[in-house]
> 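Below is one structure. I have some questions about it.
This one's a predicted model, so the numbers in the text were calculated from it and none came from an experiment. Side chains included, hydrogens not; waters and symmetry mates left out as well; all remaining heavy atoms used. Numbering of ligands and ligand atoms starts at 1, following listing order.
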Amino acid sequence: MPTKNSFHIAVLPGDGIGIDVTAEAVRVLRAVEAKLGGFTLTTTTHESGAICYKRTGEDLPADTLDACRRADAVLLGAMGHPDIRKPDGTELTPQVTLRVKLDLYAGVRPCKLYAGAQTPLVDTKPGDIDFVILREQTEGLFASLQAGILLHDQVATDTLVMTRRGIERICEFAFCLAQEGTSSRPPRASPSVTCVDKANIFKSYAFFRKVFDEVAAAYPSIRKQHAYIDAMALHLVQKPARFDVIVTENMFGDILSDLGAGLIGGMGMAPSADIGDDHAVFQPAHGTAPDIAGKGIANPIAAILSAGMMLDWLGRRHDHRDLRRGGELIEQAVMDILANGNTLPVDQGGSASTQQVGGAIAERLGTLS
Ligand code: ATP
């Protein structure tokens, strides 16, 4: 029996389409709660992001950060605006600050192709693409965030940082994920973890590969693979079915996960989770998409699937079967709506609004057995 049935979710809608897609994710969570009945989700909404910065001078106010620390999980939309910047000209990235403050070292980016979603790859069917990218999120090239050096307007440097502890924990996470799977990705018959680096050129990436190999030695039943980042960009387009769990440095993971999103129908289809030992934030992989913000046509599926990942994570953490079942139901409802094709979002070739897609998924969920 689970010891806890009531969960507090801190909701940070943020800016742009983050606000619209988060509303639909919360709507679907409410539908799961009503359907299953074995748990309650209390949500509180908090300010953060570019508009918040413009109004208050802070993009992640202390009380918002505090609420995230206290919550059982955080549901985030997207943050930032190209016209609202810090005095030095850089964009606001409170979601990155949150990763550092809550030590969310594992960026989990599943890339799964569903029937009805628009992949640009010809002769590719659902099941051919089902890999997950694990992005190390607290070091790598992002370690020098806001600490790079610009010298006399002539030379600029940013430093790439790798620590043994940082590499060990993301690689451990990768092998555990390949071994245990999730509701959406049961472990494979022949699981594998692929380390992506540039070990042929850089000391830091050679170190990443060395530590990866050391961690891999403790998981003899999981096949380990290596790939250089440039070759990996090619492999993911040409032979995506070859990959199961992929683990890589922060910047490489940032780039590869957009490539992965492109293979499964675009940013509107790509969920993600930022997970640490004590906290986790769930958010679509996309940004605030200023080009479509306010038009009501953003695809909410990435945000809704991220909410499903949240239930799965909470269910595993608290050994709560109903929560895990909730994650499964969300994915099933999304799959049904995509396969049925009557309420497709605009980016998947349909004409349904953000609200119509969210409503259809919530309604479908209510009818699932
Ligand atoms: P960031 O810099 O944070 O990555 P961005 O605005 O540069 O943000 P994204 O928001 O990730 O980039 O989106 C890139 C493009 O993909 C958008 O301009 C938009 O056209 C499309 N897009 C992103 N998210 C969605 C969505 N949920 N539904 C439909 N289209 C989307």
> Quick one: does any side-chain atom of R324 pair with a main-chain N or O of S183 as donor and acceptor, under 3.5 Å?
no
> Honestly, is R317 close enough over F7, meaning NZ or CZ under 6.0 Å from the six-membered ring centre and within 45° of the axis?
no
> Would you tell me which option among D258, D291, I301, V357 has the nearest heavy-atom contact to atom 18 (O) of ligand 1?
D291
> Check whether any protein heavy atom sits under 4.0 Å from atom 15 (C) of ligand 1.
no
> Please could you name the atoms of ligand 1 that I17 approaches to less than 4.0 Å, counting only its heavy atoms?
24 (N), 25 (C), 26 (C), 27 (N)
> Look at K125 together with D128 and state whether they make a salt bridge at an N to O cut-off of under 4.0 Å.
yes
> Taking atom CD as the centre, does E168 end up with more than 12 heavy-atom neighbours from other residues, nucleotides or ligands that are less than 6.0 angstrom away?
yes
> Among all the protein's non-hydrogen atoms, which is closest to atom 23 (C) of ligand 1, and how far away is it?
M267 CB, 3.5 Å
> Is it the case that atom NZ in K86 sees more than 12 heavy atoms from other parts of the structure closer than 6.0 Å?
yes
> When you measure from the side chain of T138 to the backbone N and O of D103, does any donor-acceptor pair fall under 3.5 Å?
no
> Does A302 have a heavy atom less than 4.0 Å from any atom of ligand 1?
no
> Between F212 and F175, does the ring centre distance come in under 6.0 Å?
yes
> Could you list the atoms of ligand 1 found under 4.0 angstrom from a heavy atom of P290?
6 (O)
> Is the distance between the ring centroids of H81 and Y53 under 6.0 Å?
no
> Mark the output for G80 as yes if a heavy-atom distance to ligand 1 is under 4.0 Å, and as no if none is.
no
> In terms of atom number and element, which parts of ligand 1 are under 4.0 angstrom from non-hydrogen atoms of T288?
10 (O)
> Is the shortest distance from atom 21 (C) of ligand 1 to a protein heavy atom below 4.0 Å?
no
> Specify the protein heavy atom at minimum distance from atom 3 (O) of ligand 1: its residue, its atom name, and the distance to 0.1 Å.
G287 CA, 3.4 Å
> In Å, rounded to the nearest 0.5 Å, how long is the span from CD1 of I246 to CG of L236?
5.0 Å
> Considering only the protein, which heavy-atom contact is closest to atom 30 (N) of ligand 1, and what is its distance?
I292 CD1, 3.5 Å
> Answer yes if a protein heavy atom lies under 4.0 Å from atom 5 (P) of ligand 1, otherwise answer no.
no
> Is the F243 to F131 ring centre distance short of 6.0 Å?
no
> What atoms of ligand 1 come within less than 4.0 Å of a heavy atom belonging to A298?
28 (N)
> Where's the contact between V346 and ligand 1, heavy-atom distance under 4.0 Å: side chain, backbone, both or neither?
neither
> Could you tell me, atom by atom, which parts of ligand 1 come under 4.0 Å of a heavy atom of H286?
11 (O), 23 (C), 24 (N), 27 (N)
> Does atom 28 (N) of ligand 1 have a protein heavy-atom neighbour under 4.0 Å away?
yes
